[in-house]
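Throughout, a chain's letter reflects where its sequence line sits, starting with A, and its residues are numbered from 1. What you see below is based on every heavy atom in this structure, not just the backbone, and it leaves out hydrogens, waters and symmetry mates.
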Amino acid sequence: MAEKFALVGKYMPSILFSCIIVIQLTILTILISWVFGLFAGIGKASRYKFFSYPSRFYIWFVRGTPTLIQIYVVYFGLPQFGIQLSPFTAGVLALGVNSGAYVAEIFRSGLNAIPKGQMESAKALGMTYFQSMKRIILPQVVRIILPAITNEGITMLKNTSLLSTITVLELTLQTQVVIARTFRPFEFYIVASLLYLVMTTVLSHFSDTLEKKYALSV
Amino acid sequence: MNNFIPAASQNTEKNVVLSIRNIKKHFGENEVLKGISVDVRKGEVISIIGPSGSGKSTFLRCINFLEIPTSGEVSFLGEKIDYSTSKLGEKLNLQKKLSGYRTHVGMVFQSYNLWLHKTVLENIIEAPMQVKKEEKEKAVDTAMDLLNRFGLQEKKDEYPSRLSGGQQQRVAIIRALAMSPQVMLFDEVTSALDPELVGEVLEVLRILAESGMTMLLVTHEMAFAKDCSHRVLFFDNGIIEEQGAARDVLSNPQKERTKKFLSRSIR
């Protein structure tokens with residue numbers, strides 16, 4: 001058993017480096033998903049069809065199709081329209097848009113959880129819609145949706161492994177490269193699993209800390 | 001920052017602060033307000049009573065445009081508030097106008113509606129700083145002054161969830177007072193409170209009334225209405241069925257419906 005894992009040590013540097021790629025991908029994806037999620041979440045709840053119809057279509061389409069297909073559409077499909085993106089960029093964009101649809105629903109449910117009176121009292125005191133959203137509603141929504149958002153973040157981190165299919169040299173692809181050289185799938189897939197586990201655990205621990213810090217009995 | 005600058009008032013002879021003419025409101029097929037007219041004089045305390053569904057709360061909410069009336073006029077200090085919004089540009093302008101108007105007409109709600117992610121002090125200074133662009137120091141001074149006056153200074157750094165209902169409601173009243181409004185609207189502010197806590201809130205309302213604040217209250221507290229208000233409006237089915245001096249209407253109602261309603265209420 002020991003010699004099996006001795007070989008692992010030789011390839012650890014490159015594998016660990018690919019973890020950094022995973023972290024970069026996850027952070028960028030999360031940021032993009034929040035932008036899409038915020039607009040689509042508010043848009044879907046809007047009275048104006050101009051905002052609600054595109055939001056609803058976006059959420060419905062993205063949630064109803066496989067993430068892998070969406071990645072392929074962005075990376076393989078867009079070049080037919082002259083849009084050539086690097087694998088990294090295409091990957092981040094596809095995953096960001098994908099996660100955004102789920103974030104939109106999480107965000108919308110957070111918005112619904114805020115009692116109507118919070119906004120009404122802000123208006124009654126002379127605050128505008130935007131002031132009320134920024135100072136009163138959104139801060140409360142963020143605290144409510146933090147657990148669900150973390151969950152989505154963890155899902156995204158694991159989804160980065162799908163980008164191995166479009167030549168992004170993240171952890172999964174790097175592991176496969178090493179396996180092709182060493183013919184030791186078991187050892188290296190276990191190593192990869194453990195590294196994913198470490199990263200997701202760190203992420204959820206970070207979120208737990210945030211939650212404790214900002215928790216209120218809302 | 002106040003975009004609402006009232007024109008020179010022509011109504012100072014009668015000292016009318018709020019002039020409400022023929023407010024009608026329907027929700028779809030349902031006509032909730034069928035034409036309500038009231039003149040509110042400075043320093044006047046008006047209690048609005050009546051059965052559920054008679055339109056009392058809707059009327060109050062039309063005054064500060066939380067509900068937009070279907071038709072009718074509201075004038076503040078002689079200037080009419082134009083709430084018609086046919087074009088998009090007018091909608092944004094309306095927000096600004098209403099924002100200014102609402103700094104003069106405050107409202108306190110049945111469910112207090114304190115902002116749960118802010119402390120008591122933060123709740124009170126938020127609007128003066130955001131809407132009137134007051135300096136934090138000044139806002140805090142005003143807030144502490146009010147908190148001291150009503151005995152709540154120790155709670156200034158507490159979150160609303162740690163306060164009792166009565167305390168939360170008193171903070172809500174202080175929050176509205178911090179904007180120095182000229183008129184205050186109270187929408188059944190004691191209805192959600194345990195009976196033991198009602199008294200402390202009524203005491204605050206009494207103090208406000210005696211200090212000369214112009215107040216309109218939708219209330220079920222008949223004793224309070226009789227002792228502390230000048231005028232009572234009895235709402236029934238979307239109209240003012242009867243109105244008059246508080247003591248007269250409550251002790252000696254003239255109309256049948258008023259008599260029926262009052263006989264069923266705990267006096």
- [ ] Count the heavy atoms of every other residue, nucleotide or ligand shown that sit under 6.0 Å from CZ of A/Phe17, and state whether that count exceeds 12.
- [x] no
Open item on the list: When you compare the side chain of B/Lys96 with that of A/Thr128, does any pair of heavy atoms fall below 4.5 Å?
Closed with: no
Open item on the list: I'd like to verify something: which residue of A/Lys116, A/Gln131, A/Met119 has the highest number of heavy-atom pairs under 4.5 Å with chain B?
Closed with: A/Gln131
Task: Pairwise side-chain contact, B/Arg102 with A/Met127, heavy-atom cut-off 4.5 Å (strictly under) - done: no
Open item on the list: I need the residue from B/Glu126, B/Met179, B/Arg162 with the largest number of non-hydrogen atom pairs under 4.5 Å to chain A.
Closed with: B/Glu126
Open item on the list: Keeping B/His117 on the side-chain end and A/Arg143 on the backbone end, is there a donor-acceptor pair under 3.5 Å?
Closed with: no
TODO: Identify the heavy atoms of A/Gln118 and B/Leu114 that sit nearest to each other, and give their distance.
DONE: NE2-O, 2.9 Å
Open item on the list: Take a 6.0 Å sphere around CZ of A/Phe206 and say whether it holds more than 12 heavy atoms from other residues, nucleotides or ligands.
Closed with: no
- [ ] Might you point out which heavy atoms bring B/Val131 and A/Leu125 nearest each other, and give the distance in Å?
- [x] CG2-O, 3.9 Å
Open item on the list: Using a 4.5 angstrom heavy-atom cutoff, name the option from B/Asn113, B/Val105, B/Val108, B/Leu98 with the most pairs to chain A.
Closed with: B/Asn113
- [ ] Count the heavy atoms belonging to other residues, nucleotides or ligands that lie under 6.0 Å from CZ of A/Phe39, then report whether that count exceeds 12.
- [x] no
- [ ] Locate the shortest heavy-atom distance separating B/Trp115 from A/Ser121; write the atom from each residue and the value.
- [x] NE1-OG, 3.2 Å
Open item on the list: Could you check whether atom CZ of A/Phe81 has more than 12 heavy atoms from other residues, nucleotides or ligands sitting under 6.0 Å from it?
Closed with: no
- [ ] Determine whether more than 12 heavy atoms belonging to other residues, nucleotides or ligands lie under 6.0 Å from atom CH2 of A/Trp34.
- [x] no
- [ ] Side chain from CB out, backbone as N, CA, C, O: work out which of these in A/Glu120 comes under 4.5 Å of a heavy atom of chain B, or both, or neither.
- [x] both
Open item on the list: Using side-chain heavy atoms (C-beta onward) and a distance below 4.5 Å, is A/Lys123 in contact with B/Asn64?
Closed with: no
Open item on the list: Looking at every heavy atom in both B/Phe109 and A/Ala124, which two are closest together, and how far apart are they?
Closed with: CZ-CB, 3.8 Å
Task: Minimum heavy-atom distance between B/Ser99 and A/Gly126, given as atom pair plus value - done: OG-O, 2.5 Å
